[in-house]
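Reading through the C-alpha cells given below for one structure.
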Number of protein chains: 2
Amino acid sequence: MKLSATHQKFVIHFGEMGARWGMNRTVGQIYAVLFLSENPLCADDLVTALGVSRSNVSMGLKELQAWQLVRLQHQANDRRDFFSTPGDLWEIVRTLVDQRKAREIDPTLTILRELQLEDDFESSSEFAQERIQKTTEMIELLTQWYDEMRVVDSKRLEKLLKMGAAAQKVLDFKDKVTGKGGNS
Amino acid sequence: MKLSATHQKFVIHFGEMGARWGMNRTVGQIYAVLFLSENPLCADDLVTALGVSRSNVSMGLKELQAWQLVRLQHQANDRRDFFSTPGDLWEIVRTLVDQRKAREIDPTLTILRELQLEDDFESSSEFAQERIQKTTEMIELLTQWYDEMRVVDSKRLEKLLKMGAAAQKVLDFKDKVTGKGGNS
DNA sequence: CGTATATTTCAGTAATTACTGAAATTACAG
DNA sequence: CTGTAATTTCAGTAATTACTGAAATATACG
C-alpha cells in the first residue's frame with residue numbers, strides 16, 4: 001500500500017477538501033485512497049498508505065460510514081473489515097448532497113418553520129418576518145426540486161444536465177406565445 | 001441593537017451553520033443580523049447585538065466582504081462604514097454557490113487536470129486513471145450546467161425549478177418516440 | 001498640520017478539534 | 001471456555017482555529 005505520485009497528490013488534495021466539508025483531513029484522505037482503489041481495503045492498508053494511527057483510521061472509517069460514503073464488506077476466510085466506495089459517481093454525489101441536506105438544510109428549515117409558529121414572531125419587524133418567510137419558501141422550492149431530481153437515474157440525469165439551457169428555451173417560447181414579458 | 005427572541009434563535013442557528021460553511025460562528029451570526037435588518041448596520045451595532053469584540057466584528061466583516069455576501073455603503077454625514085445584505089434571495093444563493101465553487105470545485109478541477117497531464121499518470125492503475133478521468137468529466141458537466149443556470153434571472157429560475165419533473169417528461173416522451181429504452 | 005473618530009492589525013490566549021497509544025471490547029477459531 | 005486477532009474507546013496531548021485588547025493605522029474635518 002505505497003502510493004504513486006499521482007495517488008499522493010490526489011489524496012493530499014482530498015484531505016484538504018475533506019476538511020472544508022465538515023469531515024477532517026484524515027477522513028478525506030481515507031476516502032481518496034478507497035476511491036482510487038479497485039479492491040476493497042482493510043484498516044491496516046489505510047494505516048500504511050497514510051501513515052496515521054490505527055485508531056485514527058478506525059474513527060475516520062466510522063465517520064465515512066455515518067456519511068454512507070463507504071461500504072463495509074467481508075472477504076472469504078478473512079475476518080477483517082474491508083471497505084470500498086460505490087462505483088457510480090452520480091451515486092456518490094447523490095449521497096454527498098443527501099447528507100449535507102440532512103445535516104444543514106433540513107435543520108435550518110425546521111428552525112425557520114418553528115420561528116414562524118412562535119408567539120413572539122409577530123413582534124419582529126415586518127421586514128424580518130418577510131425575510132424569514134421568503135427564505136423558508138426558497139429553501140422549500142430548492143429541496144422539492146432536489147427531491148425530484150435525486151430519483152432520476154444516472155444516465156438520464158446527465159441528459160437533463162445537458163438540457164439545462166434547452167429547458168430555458170421552452171420557457172422563452174411559452175412566454176413569447178402567451179405574450180408574457182421575458183424579463184421579470 | 002438588542003435582539004428579539006426570534007432574532008436570537010435565528011442568529012444562533014446561522015452561527016452554527018456558518019461554522020459548517022467554512023466561515024466561523026461569529027461570521028455566520030454577523031451575517032444573520034444583517035440579513036434580518038432593514039437598514040444597513042455599522043460595526044458597533046453588531047458589537048452590541050452579538051456581544052463580541054470590536055476586532056472580531058472587523059475581521060468577520062472583512063471575511064463576509066471577501067465572500068461578497070455583504071455590501072459596504074455610507075450614509076450622509078457619517079463616516080462610519082455601514083453594511084447590508086442583498087435583497088434578492090436568489091442573488092444571495094448565487095453568490096454563495098459561486099464562492100464555494102471558486103474555493104472548492106475549481107481548484108479540484110485544476111488538480112484533476114494536472115494529474116492527467118503528468119508523466120507518471122500512466123503508471124497509475126487503469127482503474128485509478130479511469131476514476132480520475134470520469135470524475136473530471138462529471139465535475140465539468142456539473143459546472144457547465146451551473147454556468148448556464150447562474151445567469152438565469154430570479155423569476156425565471158423559479159419557473160425552471162418548478163419545471164424540474166416536467167423537463168424529465170420531455171425526455172420520457174422523446175425516448176418513447178425514438179424507441180430508446182427508458183432505463184439505462 | 002492636529003485632533004477626534006473609525007478601522008485594522010497582531011501578539012497573546014482561549015477554545016475547539018484532531019490525533020495518538022494504551023486499555024477495553026468484540027469476534028471467532030480451536 | 002481460552003487464546004488470538006481485529007476493532008473500538010477514551011484520556012491525554014498536539015495542532016489548529018477563534019477571539020480579545022492594545023497598539024497602530026487610516027480618515028475626515030477644522
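A note on names: the letters A, B, ... follow the listed sequences, proteins ahead of strands, and every chain is numbered from 1. Heavy-atom basis, side chains included; hydrogens, waters and symmetry copies ignored.
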* Examine the side chains of A/R131 and B/T85 and answer whether a donor and an acceptor come within less than 3.5 Å of each other. => yes

* Would you say B/D119 has more than 12 foreign heavy atoms packed within less than 6.0 Å of its CG? -> no

* Considering only heavy atoms, which members of residues 34-58 of chain A lie under 4.0 Å from some atom of DNA chain D? -> A/R54, A/S55, A/S58

* Contact list for DNA chain D against residues 72-83 of chain A - heavy-atom distance below 4.0 Å -> A/R79, A/R80, A/D81

* Asked: When clusters are formed by joining ILVMFWY residues with side-chain heavy atoms under 4.5 Å apart, either directly or through shared neighbours, do A/I12 and A/V33 land in the same one?
  -> no

* Asked: Under 3.5 Å, is there a donor-acceptor pair linking the side chains of A/E118 and B/T6?
  -> no

* **Test applied, salt bridge (charged side-chain N to carboxylate O under 4.0 Å, His left out); reference residue, A/D106; option that passes from A/K101, A/R100, A/R113** => A/K101

* May I ask you to check if A/R103 and A/W67 form a cation-pi contact, with NZ or CZ under 6.0 angstrom from the six-membered ring centre and within 45° of the axis? => yes

* Does A/D153 come within less than 4.0 Å of A/K155, counting only side-chain N to carboxylate O? -> no

* DNA chain D: 5'-most and 3'-most nucleotides touching chain B, 4.0 angstrom heavy-atom criterion -> D/dA18 to D/dA28

* Does a donor on one side chain sit under 3.5 Å from an acceptor on the other, for A/Q133 and A/E137? -> yes

* Do B/E91 and B/S154 have a side chain donor and acceptor closer than 3.5 Å? -> no

* Check: B/T136/B/Q116 side-chain N/O donor and acceptor closer than 3.5 Å -> yes

